[in-house]
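Comments concern the structure below.
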Amino acid sequence: MAKNTRKILFFVGLVLLGLVLPLLVRSSYWRHVLILAYFYGLLACSWSFLEGYGGQFSFGHIALATVGGYTSGLLGKYFGFSPPVSMLVGILGAGVIGFIIGVLCLRFRGAYLALFTIAFSEIVRVVITAESNITMGRMGLELSPLFAQSNKIPYYYNMFLFLVFGFAIMYLVVHSRYGLYLRSIREDQDAAEAMGVDITKYKVLAFTLTSMICGLAGVFYGHYLGILTPSFTSISTMGLVIAMAIIGGVESLVAAALGGILLEFGLEFLREVGTWRLVLFGGLLVFVVRFARNGLIAPVYHKMIGE
Amino acid sequence: MSSKARSFFILFLACSLLIGSFAFLALAEDKEPVKIGIVLPMSPPGAYNTGTKMYRAAQLAASKVNDSGGILGGRKVKLILVDSRGMPEQGKAAVERLITKEKVVGIIGNYHSGVALAQMPILKKYHIPYICAEAWDDRVTSKGQEEVFRISITTSMYTQIAVDWMKAVGFEKVYLLHENTAYGEWLKGYFSEQLDATDIEYKNVMADPKTQDFTSTLLRIAQWEPDLLFGDVTGPASFSLLKQSKNTGLAPTPDTAYYGSITLLNSKEFWESAGENGKYTVVSRIALPPTVESEMAKEVQKKFKETYDRDMTPQAMEGYDAFMLMVEAMKSAESTDADAVIHALENIKWDGVRGTYQFPYGSDNPVPEDMPDYMWHQFPDVTCYLLEYTEVGQTPTEAPVIWPPEWASDVVGSDYYIPVPEE
Amino acid sequence: MYTADYFLMQGMSGLVLGSLYALMALGLTLIFSVLKVINFAHGEFYVIGGYISYFLLSLVAGIPPIFGVLASMVGLFFLGALVEGTLLRPIHLGQVDRPDEYAILITFGLSFLFQNLLLSVCGPFPKTPPSFLQGGWRIGVMMISYDRIIAAGIAIGIMTLMMWLVRSTWSGQALRAVSQNKDAASIVGINPLRMNTLAFAIGSALAGGSGALVAPVFSMAPDAGVVPSIRSFIIVVLGGMGSIKGAIIGGLIIGLIETLGTAVIPDPSRALAYKRVYGLIIFALVLLVRPQGLFGEEE
């Protein structure tokens, strides 16, 4: 079977599974878990896009999602924008911030970008908390629900759609000429530059795109839960996303997304165990980084599609 | 054995098996536990300290109920905990889990108002009765949702008692430090409103409860020379705030009194962290003073202390009382059906650790115009008194009561405050 | 309304805090200067230091609190050496692809692991070891606690000792040599691998020591390392990665800015709420405008 055919079948199979799952999973609670799992899957995937392909280590993904969510929420609260419009603006807003960060960080190598994005994430959190008369701070900003019914089904399909859509865009970029340039930047930025690759353009593009995907995830999250608080922007949530992408397989969008989905499930499953489940994840993360750099899901995935 | 005997024997065996399995099923059905869910912050960033105590108290209540034979024909009660971590998103997921996966018939709990508010639509959707143990935000009950009852104090009740005390002592300049949470914002609002009606000069500052170092803000406050500092951050920061306040020479000193948050009632952690600095701090205790408590209340607190080696704080008492109330309502309704339980709660009158519970305003008796909206399904007789620690290592029940006058300890006389001695 | 005394007191408070910050940042900069790695687990070493001190002092009653600090430093020295030897050595043996990325991931992974491990093992309740000394030093209506002054004094002592060691001992000079030019150093007979382990161990010990010094003042909890960790990054970038002088001066500057910012900005609530942001903004500005910081790649 040709490689491409296997790959196509794999994706089609996953999409079909996703479409059909709500019929199999009737519990409202597990549907909620699935929705959250897709959310983390999308974030993990976008993180791997930036790191695994673009070589840029960012701690800012959750903060960007938060920016998107809050933008949408604030527009709804103070200007009466309806969700689809405010969500779009939220996504664009996140993209603009991402663009600015991308431009500012052009010269940063390795850890400096990580540090800068940590600073960004913290600033976002502190500002949201401090300006609580506008953002409602810790009381939580209320966002209007996306759908009139409280049934999970429309939310499920919405998040699934966002996941597939976001993934598709990143996949297309990665498998295009741009993806090649991005990867060359990751492997050896200087060599790439010497060969004439316009690293400015591609780095900024990568950052902007990933930020918009974060914004996409964030606006959904806000309107799904109906409430946003600054505690969401914590470094530990970001750490979780990074762990998911790494354990899944940072160099593969599919593996990272699956990593996010499966690990979020794992987290819910292991709720009984309390905080030890995070210890397990931490240990797993260290192990994977040290001994299985390509992740745990990526090899399985590659085998399945015959690579 | 002859074939006739054999067939008879087989028939007999089959019948006994059948009867046996029916009996087994019938009995097993009876023994199915009554599941009551509890939502609390059990890990950061939530107030895990308080959540843990409330949970332990509820567990104590559950074992008490089970030891006396359970309810509704011998069924055991089962307390099912979920951790909200203090985040509304988690709280919502937690409640969904409790209802759809664990199939609880009642829910108690919550410490963080944001979490409680986020959960209310889900309670409405599945029509599950809920007793709010410790979220003070008015909106929890002011929204008038039929499933929701509250036994804790509300913010405005709390501030009024504090303001009355401040007036009685004769403080002239009060500096209030609040947390920048919903709780803190409400406090600030009510304090401002109520202090405006007095001659007391006051100032407000908001602080993140995760702050580690308040020193520069405290130095700033010291410049204004207040005679009372109201340092109301909850959680571990409350101990740091007090220590730093003392170490910067601000309060408690002969010139400036210190009124701390209810976290200071966790006396074990308090004295370990604050040491000598803790003497002469004033704290509210939202419970009955020892002189007025029932024997039952004292028993329960003693049991808690023995079992967990910690004082039973008022919040823990709420955890206990909330559980017992839910159980009492089910007993009174003789069922776990939501409407029956809600009706039972609306008509209940039950002696708990913190007083005699009732919810006068409900569907049969709407909240009148001249009463605040939050009185819906609200326990109106919440008692709150002020105590002052005078010796290192004192537990809240040992500390002298300084307010209100009818319960004040003899030590105080008529001054309602024991000033810090001059060095 | 603000008197000279007020500014003096706030300033002193800032410097006291700054020296504690500087100690931790010194550890970070030392690790960077020799291993060229940013230790994202630095905050957790700080917390572990605080816990070691707490447990020692609560198990063995009556010993002077200084032993808590010593125990923390020794404990973290060995932990740091272990971490370096098992997890970071592969970088320098050429066994990993994209070593920069690996270094970030592995130290970050450790940070995640340690935080949750501490949470699971020690519980979330903050722990406070006993004070060094009760009371404080008065100026007018204000006071600085002896605890802080002693902690700052010890921190300054340790930093001075470090600076002397780096200049005067063979190991110190070997460390400098490796930080300047690894290959040249090995030609001269210095074992860079051993120097890496030494640097990481010392750096971790400094973080642990600062945790032990600060714990009586601020208490210690599993997630208490996040803010100091970020602050250390800020200081090290401000002072210049790898510069000892930079870490010390940067620490003092950040301590002063945090304190004075909170002290003078008109709205006290905002002033306090944005306390951490002052440092973060400086951080962002330095990264953008002068990434090598105040004292660049010297030392």
Side-chain angles (χ1 to χ4, degrees), chain A residues 51-52 55-57 59 101 104-116 118-127 129-132 137 186-188 234-236 238-240 242-243 246-247 250 273-291 293-294, chain C residues 32 36-40 43 86-88 90 95-121 123-124 222-223 226-227 229-230 233-234 236-237 241 267 269-277 279-284 287-288 291:
Chain A
E51 220 293 300
Q56 300 188 68
F57 199 110
F59 275 96
I101 296 179
L104 289 175
C105 299
L106 278 172
R107 284 174 300 146
F108 292 169
R109 298 291 187 102
Y112 282 90
L113 176 65
L115 292 178
F116 187 84
I118 288 182
F120 165 70
S121 175
E122 281 293 288
I123 291 178
V124 166
R125 191 157 70 84
V126 171
V127 169
T129 312
E131 299 301 328
S132 55
R186 182 191 192 212
E187 282 308 317
D188 190 336
S234 67
I235 306 273
S236 33
M238 186 67 225
L240 212 56
I242 294 177
I246 303 279
I247 295 175
V250 75
V273 179
T275 43
W276 284 101
R277 59 195 170 139
L278 292 169
V279 177
L280 181 68
F281 273 43
L284 199 57
L285 175 61
V286 173
F287 174 83
V288 167
V289 174
R290 176 69 184 88
F291 297 113
R293 202 66 185 283
N294 290 326
Chain C
F32 181 82
K36 307 288 180 254
V37 154
I38 297 195
N39 178 18
F40 281 88
T86 53
L87 296 173
L88 292 173
Q95 288 171 355
V96 288
D97 301 326
R98 293 179 305 280
D100 288 335
E101 182 192 291
Y102 174 84
I104 302 176
L105 286 174
I106 200 94
T107 53
F108 176 73
L110 269 181
S111 151
F112 191 78
L113 175 64
F114 280 146
Q115 245 190 74
N116 290 297
L117 193 57
L118 283 170
L119 184 60
S120 302
V121 169
D223 58 350
V226 177
V227 171
S229 177
I230 295 179
F233 300 148
I234 296 177
V236 156
V237 162
M241 292 262 208
D267 174 7
S269 305
R270 280 226 175 72
L272 180 58
Y274 282 113
K275 185 156 83 125
R276 295 224 308 280
V277 170
L280 288 167
I281 291 184
I282 298 211
F283 180 59
L287 278 178
L288 292 170

Steps toward side-chain contact (heavy atoms from CB on, under 4.5 Å) verdict (C/D100, A/F57) | CA-CA 10 Å; C/D100 288 335; A/F57 199 110; over 6 Å; no

Search all heavy atoms of A/R293 against all heavy atoms of C/V96 and return the closest pair with its distance.
-> NH1-CB, 4.2 Å

Please look at A/F291 and chain C and tell me whether the side chain, the backbone, both or neither of the residue comes under 4.5 angstrom of a heavy atom of that chain.
-> neither

Who among A/T129, A/V288, A/I242 has the most heavy-atom pairs with chain C under 4.5 Å?
-> A/I242

So do A/L240 and C/F112 actually touch side chain to side chain, heavy atoms under 4.5 Å?
-> yes

Under a 4.5 Å heavy-atom cut-off, does chain A meet the side chain of C/R276, its backbone, both or neither?
-> side chain

Between C/N116 and A/W276, is any pair of side-chain heavy atoms under 4.5 Å apart?
-> no

Contacting moiety of C/L117, where chain A heavy atoms sit under 4.5 Å = both

So, for A/V279 and C/L113, which heavy atoms are closest and what is the spacing to 0.1 Å?
-> O-CD1, 3.3 Å

Under 4.5 Å, counting heavy-atom pairs only, tell me which of A/R277, A/E51, A/E131, A/R186 racks up the most with chain C.
-> A/R186

side-chain contact (heavy atoms from CB on, under 4.5 Å) assessment of A/V127 paired with C/Y274 = CA-CA 8 Å; A/V127 169; C/Y274 282 113; 3.8 Å; yes

Bottom line for C/L105: the part with an atom under 4.5 Å from chain A's heavy atoms is both

Under 4.5 Å to a heavy atom of chain A? For C/F283 that would be side chain

Pick whichever of A/I235, A/L115, A/I123 has the most heavy-atom pairs under 4.5 Å with chain C.
-> A/L115

Taking side chain as C-beta onward, heavy atoms only, is A/I118 less than 4.5 Å from C/F40?
-> yes

Contacting region of A/F287 [heavy-atom separation from chain C under 4.5 Å] = neither

Rounded to the nearest 0.5 Å, how far apart are CZ of A/F108 and CG of C/L288?
-> 4.5 Å

Can you tell which of C/G279, C/G109, C/S120 has the highest number of heavy-atom pairs within less than 4.5 Å of chain A?
-> C/S120

Looking only at non-hydrogen atoms, find the nearest pair between A/F116 and C/L287 and report the distance.
-> CD1-CD1, 3.7 Å

Nearest non-hydrogen partners of C/L110 and A/V286, listed with the distance | N-CG2, 3.8 Å

Could you tell me which of C/I104, C/D223, C/L272 has the largest number of non-hydrogen atom pairs under 4.5 Å with chain A?
-> C/I104

Can you name the nearest heavy-atom pair linking A/V289 to C/Y102, along with the distance?
-> O-CE1, 3.4 Å

Quick one: what part of C/S111 sits under 4.5 Å from any heavy atom of chain A, side chain, backbone, both or neither?
-> neither

Checking heavy atoms, do the side chain of C/V237, its backbone, both or neither come under 4.5 Å from chain A?
-> side chain

Looking at A/L285, A/I246, A/V126, which has the largest count of heavy-atom pairs under 4.5 Å with chain C?
-> A/V126

Do you know which two heavy atoms are closest between C/L87 and A/R290, and how far apart they sit?
-> CD2-CD, 4.0 Å

